[in-house]
Amino acid sequence: MRELPKAYEPTQVEEKWQKRWQEEGCFHADPHSAKPAYSIVIPPPNVTGVLHMGHVLNNTIQDILARRARQEGREVLWLPGTDHAGIATQARVEKELAKETPPRTRFDVGREDFVKMVWAWKEEHGGIIIKQLKKLGCSCDWERERFTMDPGYAAAVARVFTDLFREGLIYRGLRMVNWDPVLLTALSDEEVIMTPSKSKLYTVRYRLEDDPNRWLLVATTRPETIMADVAVAVNPNDPRYADLLGKKVIRPLCETPIPIIADEHVEIGFGTGALKITPAHDRVDFEVGVRFGLKIIDVLTADGHINCPDCPELHGLDRFAARDKSAVLLREKGLLEKEEAYDNNVGVSQRSDVPIEPRLSMQWFLRYPCVQEAKDAVSNGDIVFRPAHWAKTYAHWLDGIQDWCISRQLWWGHRIPVWYRKEQAAELKEAPKLDAEDEKAGRIYVGVNPPDDPENWVQDEDALDTWFSSWLWPFATMDDECRAKFYPTSDLVTGPDIIFFWVSRMIMAGFRFAGGKPFSNVFFTSIVRDLLGRKMSKSLGNSPDPLDLIARYGADGLRFGLMRIAPTGTDVKFDEKQIEEGKNFANKLYNAARFRMMQGEASTDPAPHFSAVHIDILSKLKELHSQVADSLGKYEFNACTQALYSFFWNEYCSLFLEAVKNDLRDGAVPAVRNATLHTIDTVLRHYLALLAPIMPHIAEELWESLGYAARHDGKPLMLTELPDADVLLSGLDESEISRARVSANALYETANRARNLKSEYNLATNKNVRLVVKPAMPVDADLASRLALLAGAKETLVQADYSAPRGTPTALTPFGELFLPLEGLVDVEAEKSRIAKELDKIAKEISRSEAKLGNASFVQRAPAEVVQQEQDRLRDWKEKRQRLTAMLTSLS
RNA sequence: GCACGGGUAGCUCAGUGGUAGAGCGGCUGCUUUACACGCAGUUGGUCAGGGGUUCGAAUCCCUUCCCGUGUACCA
C-alpha cells in the first residue's frame, strides 16, 4: 500500500501541472493543423485590472469550452490579452503623480513623457491579471498574448479609422456631447449612467418686459445656468400662454430681455408649462436653439465652474455651489417662487462618478457601419445569443443607434491618425466640418503612418475611445495565417453589461473589416452578486479575492464550486460555502483514487465476470457521458457539474464502492476481485476525462498517479482524446443490462430500508445483526452478501418460508419482505406503532390515487399510459397495505 | 413609462403539464481501514398572492405584489 496523505492538497499539484502543460506546449494552437478549428478570444481585461469573481466565472467557462474542444479532437486557439483601457490606466498613473511631493499633473509632465510613464507602468504592473488567470488554470495560448496597443494592433486601429473616414462614416463636428468635468473629456452615451437622484425643483419668476406686474413662472433644476438662458418656451397649444407668444421676459440673472417662443417639445402638464431654453447646457435646449436660430451662451468652464463675469456673485463658483448660491440670489430678489424636493435622473460618468455636463464641443464621431448586417446576423440565428433574450436588448439598441463619439481628450490611447497642415492648423481646428474632402484638398492628412514630412503637420490632440480598439479584437489579434484557420471564432463568453460597448460593435466591425461575423455563439455569463444580491464592488468590500479563494480551496475547488451555482439565465449569488463544496469534492475524488491505489494492479484477466452492480455503474457511466455532452452542448455548466457531482459521490462512491468493498478484501475470489478492479479503473479513467475540463489539475494528477497516462504513451490527460463511451458494456445486450440495473437498484433500495430499520431500533452501528429476506424476486448469493455489506449486517438469509417471531421489525422492499430478527429484544408495541404509521401514509396515497382513478374524465382523457401508471401505483400500494395489515394482525 | 429576468425547504439553487428535488444548514448517532473536506439516519415546502385553461398546473394564460437588470423621458 502506498502512503499518501489523507487529504488532498491542491496548491502544489496545481502549480506543477500549470507548469507542465505549458512546457509541453499543451495550450499552443497550430494554424497548420488538419484538425477542425475551435477558437475563442478572451474578453481582454484592463491592464489595470486585478482578477475578480466575474473574471473567474467568465474564464472558467472559456477554459471548460476550450479543454472540452481539445478532447473532442479540435485544434484549439484560446487567445489571451489585455486592453489598454485609456481612462482607467491614465487615471492610475495620474494618481501616482498626484502622490508625489510636490504633487504633479500630467500637464506638468508633458504629453510625450507622460505617455512614456504610462508605458513604464504598464510594463511593470500590467501583467498581474494574466498571471492570475494562469493560476486559475486557464489554457490560453500564452505565446499569443496580445495588447490593444501592440504595434500591429495600433496599425489596424489607424487603418480602420482611415477607411471609415474616407468612406464618410467618421467625421468631426461641433456637437452636444457628454462631458466629464473631472476627467475633462467627452464620453460616449454608453459611458453615462442615468442615476436616480434627490434634486430640487426651483420655480423662478420671469417678469414680462412690457408689463412689470405680469410674471411667467418657470420650473428648473439648474438655476445656475439662468445666465445662459436665451428664451423661454411654452407649448403652442397651451391656452394659458397663447397671448404671450412673441413677447419677451426679463432673464432674472444677468438681466436682459429674452423671447417667449412656442415649441412642441414643452409638456403642458409639467411644472408650470414654461421651459427655460439654455442651448449651451442642455441637449434638448440645444436642439430648440438650433430650430429657432438662438444664440449659445456658455457659462461653464470645462471643469464645471461658472464662467460669467457679468454675474460676479456666481463667477468662478463650482457648479453645485453656484446652484445653491443662485437660489439665494433669486430669493433675495424676490424671484424665487418656490423650491421643492424633486426626484429625477441625472447622467453620471461611469468613470469618474460625477454628473456629466451636456457640452458643446468639437469631437470625432462614427456613423456605425454594417448595422443591418449586424442586426440580421443575430435575428437570423447566424450568431446565437445565449440566453436568447439578450437578442432583444441587442436589437433594441441597434434600432435606436446614435453616432458614436469616438474622441477622448486623453493622452493614453490610440491617437487620432489625423494631421493638420501646419499653416492652416489653427483655422482647421475650429472648422465646423471636416471630412474626406479636406483630405483630398491636402489640408489634412489621414493615415496609418505619420506624413512623410512631419515637420509640416500637426497631429490631432485627441485619443480614441478604448472601445474603438477593442471592437477589432477578434481579428486584429490574429495574423493572416491564424485568421485563415481560426476566424470567425467559435464562442464568445462575456458579461451582458458590455453588450453595447463591445459585443455589438465587434459584430459590426467583423462584417465591415473581416469579411463576416466575428463569432458564432455568444454566451452571456451571469453577474456575480453577493448574498444580499448586490453587485460586487470595491467600495462595498463584498468582493472576495479569487486568489485567496484559490489558496484556500484550490483553483479546481473554486472552478467546480462556481460552476455548480452558475445558472444560465440569472445572476449568481456568490456563497463561499459553494466553493468549499468544490474543495470537498476534490478531496472526495482524491480519496476515491487513493482507495484504488491501495489495491494494487489488476491482472490482465481477459474475461472479468461482472455482477449486477458492475454493469449498473458502467451503464450509469455511459449515461454520464451523454449528460455531459448534452449539457455542455447547451452551455448548461451547472447541469453538467451537477451530473458529474452526483454520479461520482452518490452512484459511484456511496453505492457502488460500498457494495463491492468485500470483493477487494483479502481472501476474495481472485476473479471477482479482478472484475471489480477492472470496473473501478474503467469508471475512474472515463470519469477523470469527463471531469477534466472543469477540474483540470486534479484530474490530470490522478490520471497520472493511477497509471492511466502510462496506457496512453505517458501523454497528459489534456492531450488525450475523450474515451469512447460506446465500448462500455459492449458485448452485453439490452435485456442483460436492464436486468442488472433492476437488481442493483433493488439492492440499493433494500439496503436503505434495512438501514432505516436498524436505525429505528437504535441498531445503526450494530454490525452483528442478521437480515432475512422472503424473496419476491430472485436474490442470489451475490446480491445477498452485498446487501449485508451495505446495510452493515453480519449476513443476509434468503428464505422463502421464513416465519418471523412475533413482533420482528419488518419492511417491504424490492427484494421482498425484509426482516430484522431481534433475537429476544422484540418490542411488540413499538413495531405495531411503526407499522401503523406506515399504514397511515399508505392510506393517504391510496385515497389520493383512488380519487384520481375515480374521476371519469381523468380515465377518459388522460393518455392511456398515465392512467396505467396510476393503476399500477394503486395496485402496489394496495398490496403493501395488505401485507402490512397482515403483519399488524400477527402482532396482536 | 417600456422591455427583460427572477420569486420553489432556514440558505444557494435544479425542476416546461402527470407522486415537489439536490447540496448546504439544523437535529440524532458514528474515530465503520479511501475520505470527519467523511459515514448513516432525520427534520424541513399554501412552489409570492389571486383568477383562469386543463382530467390534471410549480410548470401554460391573465392579474396583483415584491426583488433585480436594461432602456427612454424628466424643466
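Computed from a predicted structure; not experimentally measured. Chain identifiers are assigned alphabetically (A, B, ...) following the order of the sequence lines, protein sequences preceding nucleic acid strands; residue numbering begins at 1 within each chain. Only heavy atoms go into these numbers, but all of them, side chains included; no hydrogens, no water, no symmetry mates.
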Any strand: nucleotide that pairs with [N] via Watson-Crick or wobble, under 3.5 Å:
N       : answer
rU19(B) : none
rU69(B) : rA3(B)
rC39(B) : rG29(B)
rA75(B) : none

If I pick the [atom1] atom on [M] and the same atom on [N], what distance separates them, to the nearest angstrom?
N       : M       : atom1 : answer
rG70(B) : rC35(B) : C1'   : 47 Å
rA72(B) : rC2(B)  : C1'   : 8 Å
rC47(B) : rG7(B)  : C1'   : 10 Å
rC39(B) : rU53(B) : C1'   : 49 Å
rG6(B)  : rG25(B) : C1'   : 24 Å
rG52(B) : rU59(B) : P     : 14 Å
rA40(B) : rA22(B) : P     : 14 Å
rU54(B) : rU43(B) : C1'   : 35 Å

[N] phosphate, OP1 or OP2, under 4.0 Å from [X] side-chain N/O:
X       : N       : value
R755(A) : rG41(B) : yes
N650(A) : rA22(B) : no
K392(A) : rA3(B)  : no
K573(A) : rU12(B) : yes

Task: Nucleotide nearest V266(A) when distance is taken to its side chain, options rG23(B), rU12(B), rA75(B) - done: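 Between rG23(B), rU12(B), rA75(B), the one nearest the side chain of V266(A) would be rA75(B).
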
What is the distance, to the nearest angstrom, from the [atom1] atom on [X] to the [atom2] atom on [N]?
X       : N       : atom1 : atom2 : answer
F524(A) : rG5(B)  : CZ    : P     : 15 Å
E581(A) : rC11(B) : CD    : C1'   : 11 Å
E870(A) : rU19(B) : CD    : P     : 8 Å
R873(A) : rG56(B) : CZ    : C1'   : 12 Å
H389(A) : rG6(B)  : NE2   : P     : 8 Å
Y748(A) : rA40(B) : OH    : C1'   : 17 Å
E267(A) : rC73(B) : CD    : P     : 12 Å
L644(A) : rA22(B) : CG    : C1'   : 15 Å

Task: Main-chain N/O of P252(A) paired to R205(A) side chain as donor or acceptor, under 3.5 Å - done: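 Here the side-chain-to-backbone pair does not exist.
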
Open item on the list: If we ignore hydrogens and angles and just use 3.5 Å, is the side chain of T278(A) paired with the main-chain N or O of A280(A) as donor and acceptor?
Closed with: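 Judged by distance alone, no pair lies under 3.5 Å.
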
I'd like to check the ring pair (Phe, Tyr, Trp, His ring centres under 6.0 Å) partners of [X]; sequence neighbours left out, ordered by chain and number.
X       : value
W397(A) : Y368(A), F500(A)
F501(A) : W467(A)
Y241(A) : none
F574(A) : none

Open item on the list: Both conditions, 6.0 Å and 45 degrees, for the charged tip of R848(A) above the ring of W877(A): are they met here?
Closed with: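 Judged by the rule (NZ or CZ under 6.0 Å from the ring centre, within 45° of its axis), R848(A) is not positioned above W877(A).
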
Describe the nucleic acid contact of [X] in one word from base, sugar-phosphate, nothing, applying a heavy-atom distance below 4.0 Å.
X       : value
N756(A) : sugar-phosphate
D229(A) : nothing
Q860(A) : nothing
P863(A) : base
I499(A) : nothing

Looking at residues at least two apart in the chain, or sitting in another chain, which of them share a side chain to side chain contact (heavy atoms under 4.5 Å, CB included) with [X]?
X       : result
V769(A) : K758(A), L763(A), N766(A), A793(A), L820(A)
K338(A) : T203(A), E340(A)
T11(A)  : E9(A), E15(A)
K794(A) : N768(A), R770(A)

TODO: Might you confirm whether atom CD of Q402(A) has over 12 heavy atoms from other residues, nucleotides or ligands at distances under 6.0 Å?
DONE: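 Result for CD/Q402(A): open.
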
Check: protein-nucleotides 65-67 of chain B nitrogen or oxygen pairs below 3.5 Å:
none

Task: Upstream residue (5' side of RNA chain B) when W877(A) and G273(A) are each assigned their closest nucleotide - done: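 The residue mapped nearer the 5' terminus is W877(A).
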
Task: Pair F523(A) and F637(A), ring centroids less than 6.0 Å apart - done: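 Close enough - the centres of the two rings lie under 6.0 Å apart.
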
Task: B/S/- contact track for nucleotides 31-37 of chain B, protein heavy atom under 4.0 Å - done: ---BB-B

Open item on the list: Can you pull out every salt bridge (Lys or Arg N to Asp or Glu O under 4.0 Å) where at least one residue sits in residues 550-562 of chain A? Sequence neighbours excluded, please.
Closed with: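 Qualifying pairs: D63(A)-R559(A), D548(A)-R552(A), R552(A)-E576(A).
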
Taking N or O atoms only and anything under 3.5 Å, show me the protein contacts with nucleotides 68-72 of chain B, one pair per line.
| unit_1 | atom_1 | unit_2 | atom_2 | d |
| --- | --- | --- | --- | --- |
| rG68(B) | O2' | R529(A) | NH2 | 3.4 |

